[in-house]
Engineer: 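Can you keep this structure in mind? I'll have questions shortly.
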Amino acid sequence: MRYDTSGGKTAISILVLAVALVFYLFANSAFFEADRVEWTGLVYLDQAQLDVYLDFSTVNVWRLNTKELETVVLEHPWIEGARVIWRWPNKVIISVTERTPVAQIPGQVGWFLLDREGNLLPAIQGDLVLPLPVVTNLDLGSKEQLVSTARLMTLIPPALKPIISEWNTQTRSFISRSGTEILIGSQVDLEEKFLLLEKIVDDLASRQEQARKIDLRVPKNPVVSIL
């Protein structure tokens with residue numbers, strides 16, 4: 001005896017089509033629409049600034065091109081790394097790694113910040129004031145000067161950073177916040193020079209004295225002029 005299975009197959013096909021249609025309508029519903037992103041990893045930037053920069057439009061998360069979005073975010077001069085994360089059902093999170101500024105530089109059209117790799121960053125809008133050394137007499141068009149200055153700034157020991165106010169690239173000297181000129185000379189033996197400077201600063205503080213000039217150009221023979 002033969003059984004007619006065509007009716008059962010048709011019913012299954014209709015059921016599959018119905019499920020597919022329901023899933024399609026559900027996936028394309030407002031339930032999966034994202035009209036904003038959340039930002040994580042922010043230190044210097046704020047969400048409002050990045051929202052304006054990104055100008056994110058409402059999109060169904062199933063159609064979101066995360067790689068393309070990451071590429072756009074990475075074009076921001078302050079952002080070194082970015083990763084787009086989707087969380088159910090319609091939350092889009094962008095985790096960023098910001099560049100780290102190590103100095104600030106006055107320019108003809110305003111202030112710039114210098115990061116650890118020697119990249120120039122536009123100043124952050126708003127009232128954020130960064131306690132960073134000011135770099136003067138720097139050729140902004142010289143990548144060599146930018147990189148060497150960034151290297152110098154990153155090598156400053158944590159104990160000395162609070163006392164450094166300025167680095168003059170022309171005279172190759174620091175100016176302390178108390179007005180002491182600290183001659184470094186060429187950027188060789190920097191670790192030795194900074195270690196010596198720490199000892200001199202501590203010694204002056206213990207004797208309650210202030211130096212007019214500290215010459216470390218020859219670290220084996222430092223010269224300290226007292227006020």
Engineer: Does any part of the side chain of R212, heavy atoms only, come nearer than 4.5 Å to the side chain of E181, both counted from C-beta?
Structural biologist: no

Engineer: Just checking K91: does its NZ atom have more than 12 heavy atoms from other residues, nucleotides or ligands closer to it than 6.0 angstrom?
Structural biologist: no

Engineer: Can you confirm whether more than 12 heavy atoms, excluding those of K161, are under 6.0 Å from its NZ atom?
Structural biologist: yes

Engineer: If you take all heavy atoms of D35 and T58, which pair is closest and at what distance?
Structural biologist: CB-OG1, 3.4 Å

Engineer: Rounded to the nearest 0.5 Å, what's the gap from CG on D139 to CD on E144? Could you check?
Structural biologist: 10.5 Å

Engineer: Which heavy atom of K143 sits nearest to which heavy atom of N119, and what is that distance?
Structural biologist: NZ-OD1, 3.5 Å

Engineer: Can any side-chain N or O of E166 pair as donor or acceptor with the backbone N or O of I175 at less than 3.5 Å?
Structural biologist: no

Engineer: Heavy-atom count around R177 CZ within 6.0 Å, excluding the residue itself: above 12?
Structural biologist: yes

Engineer: Compare all side-chain heavy atoms of L130 with those of W111 and state whether any distance is below 4.5 angstrom.
Structural biologist: no

Engineer: Transitively linked via ILVMFWY side-chain contacts under 4.5 Å: L140 with L152?
Structural biologist: yes

Engineer: Does the side chain of W86 come within less than 4.5 Å of L64's, by heavy atoms?
Structural biologist: no

Engineer: On a heavy-atom basis, which atom in N90 and which in A34 lie closest, and how many Å separate them?
Structural biologist: O-CB, 3.4 Å

Engineer: So which heavy atom on L121 is nearest to which on R99, and how close?
Structural biologist: CD2-CD, 3.6 Å

Engineer: Could you grab the distance from atom OG1 of T169 to atom CD of Q145, nearest 0.5 Å is fine?
Structural biologist: 5.5 Å

Engineer: Between R116 and V102, is there a donor-acceptor pair closer than 3.5 Å when you use the side chain of the first and the backbone of the second?
Structural biologist: no

Engineer: About how many Å separate CG of L74 and CG of L69, when rounded to the nearest 0.5 Å?
Structural biologist: 9.5 Å

Engineer: Given 3.5 Å as the limit, does a donor-acceptor pair link the side chain of E198 with the main chain of A159, or not?
Structural biologist: no

Engineer: Which label fits F174 and W167: parallel for a plane angle under 30°, tilted from 30 to 60°, or perpendicular past 60°?
Structural biologist: tilted

Engineer: Is any side-chain heavy atom of L190 closer than 4.5 Å to a side-chain heavy atom of I184?
Structural biologist: yes

Engineer: Find the distance between CD1 (I214) and NZ (K193) and round it off to the nearest 0.5 Å.
Structural biologist: 14.0 Å

Engineer: Mark yes when over 12 heavy atoms from residues, nucleotides or ligands other than R87 sit less than 6.0 Å from its CZ; otherwise mark no.
Structural biologist: no

Engineer: Would T40 and I85 count as a side chain to side chain contact (heavy atoms under 4.5 Å, CB included) here? Give the steps.
Structural biologist: CA-CA 11 Å; T40 63; I85 305 167; 6.0 Å; no

Engineer: Please indicate whether E75 has more than 12 foreign heavy atoms, meaning atoms of other residues, nucleotides or ligands, lying under 6.0 Å from its CD.
Structural biologist: yes

Engineer: Examine distances only and state if a side-chain atom of N137 and a backbone atom of N168 form a donor-acceptor pair shorter than 3.5 Å.
Structural biologist: no

Engineer: Could you tell me whether a side-chain N or O of E209 sits under 3.5 Å from a main-chain N or O of I226, the two making a donor and an acceptor?
Structural biologist: no

Engineer: Under a 3.5 Å distance rule, please check whether E192 uses its side chain to pair with a backbone N or O of P219 as donor and acceptor.
Structural biologist: no

Engineer: Quick check: closest heavy atoms across L114 and A150, and the distance to 0.1 Å?
Structural biologist: CD2-N, 3.7 Å

Engineer: Could you check if a side-chain atom of E191 sits within less than 4.5 angstrom of a side-chain atom of L196, using non-hydrogen atoms only?
Structural biologist: no

Engineer: Let me check something: do Y53 and I79 share a hydrophobic cluster, defined by ILVMFWY side-chain heavy atoms less than 4.5 Å apart, either directly or through other members?
Structural biologist: no

Engineer: With side chains defined as the heavy atoms from C-beta onward, is the minimum distance between L216 and F194 less than 4.5 Å?
Structural biologist: no

Engineer: Please answer whether the main-chain N or O of V84 pairs with a side-chain N or O of T66 as donor and acceptor at a distance below 3.5 Å.
Structural biologist: no

Engineer: Is there a path of hydrophobic side-chain contacts, each under 4.5 Å between heavy atoms of I/L/V/M/F/W/Y residues, joining V52 to L42?
Structural biologist: no

Engineer: With no hydrogens and no angle check, just 3.5 Å: does a side-chain donor-acceptor pair link D115 and W78?
Structural biologist: no

Engineer: Side chain to side chain contact (heavy atoms under 4.5 Å, CB included) for W39 and D51? Distances and angles first, verdict last.
Structural biologist: CA-CA 9 Å; W39 300 88; D51 284 341; 2.9 Å; yes

Engineer: Side chain to side chain contact (heavy atoms under 4.5 Å, CB included) between R172 and I182: does it pass, once the steps are laid out?
Structural biologist: CA-CA 9 Å; R172 297 180 179 179; I182 305 165; over 6 Å; no

Engineer: Under a 4.5 Å side-chain heavy-atom rule over Ile, Leu, Val, Met, Phe, Trp and Tyr, are V61 and V73 clustered together?
Structural biologist: yes

Engineer: What distance separates E117 CD from T154 OG1, expressed to the nearest 0.5 Å?
Structural biologist: 9.0 Å

Engineer: Please report the closest heavy-atom contact between A211 and V224, naming both atoms and the distance.
Structural biologist: CB-CG1, 3.9 Å

Engineer: Output the distance between atom NE2 (H76) and atom CG (L50), rounded to the nearest 0.5 Å.
Structural biologist: 5.5 Å

Engineer: Verify the cluster assignment for L195 and L160: are they in a single hydrophobic cluster under the rule of side-chain heavy atoms below 4.5 Å apart?
Structural biologist: no

